[in-house]
Colleague: 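Have a look at this one.
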Amino acid sequence: MIHCYKLGGYNIVLDVASGAIHSVDDIAYDAILMYECMDSEEVSRYISKKHAALTESDIAELLGDIEALKRQGKLYSPDRFEGIADSARAATVKALCLNVSHMCNMVCSYCFAGRDGYVGAGELMDVETGKKAIDFLLSSSGGHTNLDIDFFGGEPLLNWSAVKDIVKYARYKEQGSGKKFRFTLTTNGLLIDDDVIDFTNREMQSVVLSLDGREETNDANRRLRNEAGSYASVVPKIMKLVQARKGKDYYIRGTYTRKNRDFANDIFHIADLGFTELSMEPVVAHQGEPYCLAMDDLPGLCEQYEELAFEMLRRKKEGRAFSFYHFTLDLTCGPCVLKRLAGCGAGTEYLAVTPSGDIYPCHQFVGHEEFLMGNVYNGIMNSKLGEEFGNCSIYARAECADCWARFYCGGGCAANAYNASGSIGGIYALGCELFKKRIECAIMLNVAEKTEHRGV
């Protein structure tokens, strides 16, 4: 399977199974499109008719080059990965999302925890439960050396002393274990102070900071408990933290909704504030919510991603570069094969722990009792559920079979699929289309960078 598209002045051909990417001229683009559905004589006639200046020798050389790429496994290559998809099922846990707080000091309209919070709202994880979570991860991690902990909520800074004690305990348990913990803090930023900054910069591998963009956009959805907007309170604090981290190892993460379908302008605003590591996620919501995205929004949203990509190219040339999480694509050292087949690892490699110690496949399933897997005190008690998540590879979803982007998404988000289709083995159709557009833009940016480096 190949995927051919034009973007940013480039003719791009992706060989789906091998991941090989080709930037070609108009003639080669037309020939590659036709090569698998016509015999060589038909392709020659088609090309000579459309490109009259070409000689028979030129066309023969072109078709020879295409055939050579096919022999090298860089065009029309077969999918050889289906037979190893089952290996993903044997994954051991290497990451936990610790919901250290089911309290929040904000009321964001689109929060998946709901306006009134999680089930068990108001709970804070005690240090003993946090320690048990560390012990559970150590005992369940098999041969993994690097173990990841994300302090999440609610708002984790509402339980900051427990966070620090849990980190201290994990550092103690590292000794002699052959394991290394990497910590991430996800926060709305309201409670950032010097202590948070100092500890975070010393112990946290990464920090995720929430901001939706322009003040009017942010404050329409991200409000304080008194219904006031949060922008004016949050921005100076996250600026101070990022500056203290010397602009490294953080993300400003926003959410866009139906109310700001011009979300590229929100990303540009955040970049103009001086932030360079950015992410903006489409909201996932139940149909009928006023902020819910719909399939008829798709054309405009795709245009926004293209506008974002083109502006990133312009700013890079001007020395004002910033990165966008979903356009960051490492074509040489990207995700391992199993990650490409089975996605994020929710329910297998990645689990979420509530303040009381209950274990769920990920933070978006917290409170859905049918997805309760166990607890940190007694371990996994519903192993069958883990097997179900392990079976959710791209080969278990019929919709993935003819999707050119399947090796980039690994089947997509199980929580989004469940909310959209009622099954973790389903898909979220709008999310799929948005993902494909992001990958097209990401590949184009890679092509542009390599073309520029070659001086072409």
Colleague: Looking at H51 and I59, would you say the former's side chain and the latter's main chain have a donor-acceptor pair under 3.5 Å?
Modeller: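 Pair absent, no side-chain N/O of H51 close to backbone of I59.
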Colleague: Are R245 and V242 close enough that some pair of their side-chain heavy atoms sits under 4.5 Å apart?
Modeller: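 They are not in contact (no side-chain heavy atoms under 4.5 Å apart), so the answer is no.
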Colleague: Between M280 and I270, is a side-chain contact (heavy atoms from CB on, under 4.5 Å) present by the stated rule, with each step listed?
Modeller: CA-CA 10 Å; M280 185 71 71; I270 297 172; 4.2 Å; yes
Colleague: If you measure from the Lys or Arg side-chain nitrogens to the Asp or Glu carboxylate oxygens, is any gap between E318 and R315 under 4.0 Å?
Modeller: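 Result for this pair is no, no salt bridge flagged.
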Colleague: Using a 4.5 Å cut-off on heavy atoms from C-beta on, say whether the side chain of N188 contacts that of C104.
Modeller: yes
Colleague: Is there a side-chain contact between L157 and I192 (heavy atoms, below 4.5 Å)?
Modeller: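 They are in contact (side-chain heavy atoms under 4.5 Å apart), so the answer is yes.
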Colleague: Report yes or no: does N382 contribute a side-chain atom to a donor-acceptor pair with the main-chain N or O of L385 at less than 3.5 Å?
Modeller: yes
Colleague: Any pair with a residue in residues 16-38 that passes salt bridge (charged side-chain N to carboxylate O under 4.0 Å, His left out), sequence neighbours left out, goes on the list, sorted by first then second residue, please.
Modeller: K6-D26, D30-K50, E36-K70
Colleague: Whether the side chain of N391 engages the backbone of A396 through a donor-acceptor N/O pair (distance < 3.5 Å, no angle test) should be reported.
Modeller: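 Not a single qualifying donor-acceptor pair exists.
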Colleague: Any idea which heavy atoms bring G178 and T145 closest together, and the distance?
Modeller: O-CG2, 3.4 Å
Colleague: Compute whether any side-chain donor of one residue and acceptor of the other, for E369 and Y360, lie under 3.5 angstrom apart.
Modeller: yes
Colleague: Is the distance between the ring centroids of Y305 and F263 under 6.0 Å?
Modeller: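 Yes, the ring centres sit under 6.0 Å apart.
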Colleague: Give the intermediate values and the outcome of side-chain contact (heavy atoms from CB on, under 4.5 Å) for residues Y110 and E289.
Modeller: CA-CA 9 Å; Y110 50 64; E289 296 286 359; over 6 Å; no
Colleague: To the nearest 0.5 Å, how far apart are CD1 in I238 and CD1 in I197?
Modeller: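 It comes to 11.5 Å.
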Colleague: So, taking the atom named OG in S383 and the one named CD in E388, what distance separates them when rounded to the nearest 0.5 Å?
Modeller: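 Here the interatomic distance stands at 10.0 Å.
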Colleague: Could you go step by step and tell me if F407 and D79 meet the side-chain contact (heavy atoms from CB on, under 4.5 Å) rule?
Modeller: CA-CA 10 Å; F407 294 120; D79 180 353; 3.6 Å; yes
Colleague: Do F136 and I380 come close enough that some side-chain heavy atom pair is under 4.5 Å?
Modeller: yes
Colleague: Step by step, work out the side-chain hydrogen bond (donor to acceptor under 3.5 Å, both in side chains) result for N260 and T217.
Modeller: CA-CA 7 Å; N260 65 311; T217 299; 4.7 Å; no
Colleague: Less than 3.5 Å apart, any donor N or O on the side chain of Q205 or T184 sitting next to an acceptor on the other?
Modeller: no
Colleague: Evaluate whether atom NZ of K179 has more than 12 neighbouring non-hydrogen atoms of other residues, nucleotides or ligands under 6.0 angstrom away.
Modeller: yes
Colleague: Would you say CD of E56 has more than 12 non-hydrogen atoms from neighbouring residues, nucleotides or ligands within 6.0 angstrom?
Modeller: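 It does not: E56 CD has 12 such atoms or fewer within range.
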Colleague: May I ask you to decide if the ring planes of Y408 and W404 are parallel, tilted or perpendicular, using 30° and 60° as cut-offs?
Modeller: perpendicular
Colleague: Under a 4.5 Å cut-off applied to non-hydrogen side-chain atoms, are C4 and V13 in contact?
Modeller: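 Answer yes - side chains close enough.
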Colleague: Would you check if the side chain of R406 reaches a backbone N or O of V16 as a donor-acceptor pair within less than 3.5 Å?
Modeller: no
Colleague: For the side chain of D65 and the backbone of L62, is there at least one donor-acceptor N/O pair under 3.5 Å apart?
Modeller: no
Colleague: Once you round to the nearest 0.5 Å, how far does CZ of F152 lie from OG1 of T186?
Modeller: 5.5 Å
Colleague: Below 30° counts as parallel, above 60° as perpendicular, anything between as tilted: where do the rings of H269 and Y231 land?
Modeller: tilted
Colleague: Any side-chain heavy atom of F275 within less than 4.5 Å of one from L209?
Modeller: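 Counting from C-beta outward, F275 and L209 never come under 4.5 Å.
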Colleague: Would you say N218's side chain and D212's backbone share a donor-acceptor pair under 3.5 angstrom?
Modeller: yes
Colleague: Give a yes or no on whether the backbone of L190 and the side-chain of K237 come within a donor-acceptor separation of less than 3.5 Å.
Modeller: yes
Colleague: Hey, does M312 have a side-chain heavy atom less than 4.5 Å from the side chain of F322?
Modeller: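 Side-chain contact under 4.5 Å: yes.
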Colleague: Any chance the side chains of S323 and E277 put a donor and an acceptor closer than 3.5 Å?
Modeller: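 Their side chains do contain a donor-acceptor pair, which is all the 3.5 Å distance test asks for.
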Colleague: Could you pull out the closest heavy-atom pair between K436 and A405, with the gap in Å?
Modeller: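 Answer, listing the atom of K436 first, then A405: CG-CB, 3.7 Å.
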Colleague: Using modelled atom types only, decide if a donor and an acceptor are shared between the side chain of D58 and the backbone of T55 within a distance under 3.5 Å.
Modeller: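 Indeed, once roles are kept as given, a pair shorter than 3.5 Å links the two residues.
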Colleague: Output the distance between atom OH (Y35) and atom OG (S40), rounded to the nearest 0.5 Å.
Modeller: 7.0 Å
Colleague: Got a donor-acceptor contact below 3.5 angstrom from the N221 side chain to the C108 backbone?
Modeller: no
Colleague: Which heavy-atom pair separates G153 from N99 by the least distance, and what is that distance?
Modeller: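 Heavy atoms only, the tightest pair is O-ND2, 4.1 Å.
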Colleague: Could you walk me through whether I424 and F365 pass the side-chain contact (heavy atoms from CB on, under 4.5 Å) check?
Modeller: CA-CA 11 Å; I424 63 173; F365 287 105; 4.0 Å; yes
Colleague: Any donor-acceptor pair under 3.5 Å linking the side chain of S77 with the backbone of K74?
Modeller: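 Flag not set: sc S77 to bb K74 has no pair under 3.5 Å.
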Colleague: Please determine whether the number of non-hydrogen atoms from other residues, nucleotides or ligands lying under 6.0 Å from atom NZ of K259 exceeds 12.
Modeller: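 Yes, the 6.0 Å shell around NZ holds more than 12 heavy atoms from other groups.
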Colleague: A side-chain contact here means heavy atoms from C-beta on lying under 4.5 Å apart; do Q364 and C413 qualify?
Modeller: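 Result yes, sub-4.5 Å side-chain heavy-atom pair found.
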Colleague: Any Lys/Arg nitrogen of R314 or E311 sitting under 4.0 Å from an Asp/Glu carboxylate oxygen of the other?
Modeller: yes
Colleague: Using every non-hydrogen atom in the two residues, find where F310 and G8 come nearest and quote the distance to one decimal.
Modeller: CE2-CA, 3.6 Å
Colleague: Drop me the distance from D219's CG to R214's CZ, to the nearest 0.5 angstrom.
Modeller: 12.5 Å
Colleague: Measuring from T276:OG1 to F324:CZ, what's the distance to the nearest 0.5 Å?
Modeller: 14.0 Å
Colleague: Give the minimum heavy-atom separation between G426 and R397, together with the two atoms involved.
Modeller: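 In this case the closest contact between G426 and R397 is O-NE, 3.0 Å.
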Colleague: Please name the pair of heavy atoms, one in Y350 and one in H363, separated by the smallest distance, quoted to 0.1 Å.
Modeller: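 Looking at all heavy atoms of both residues, the shortest contact is OH-ND1, 3.2 Å.
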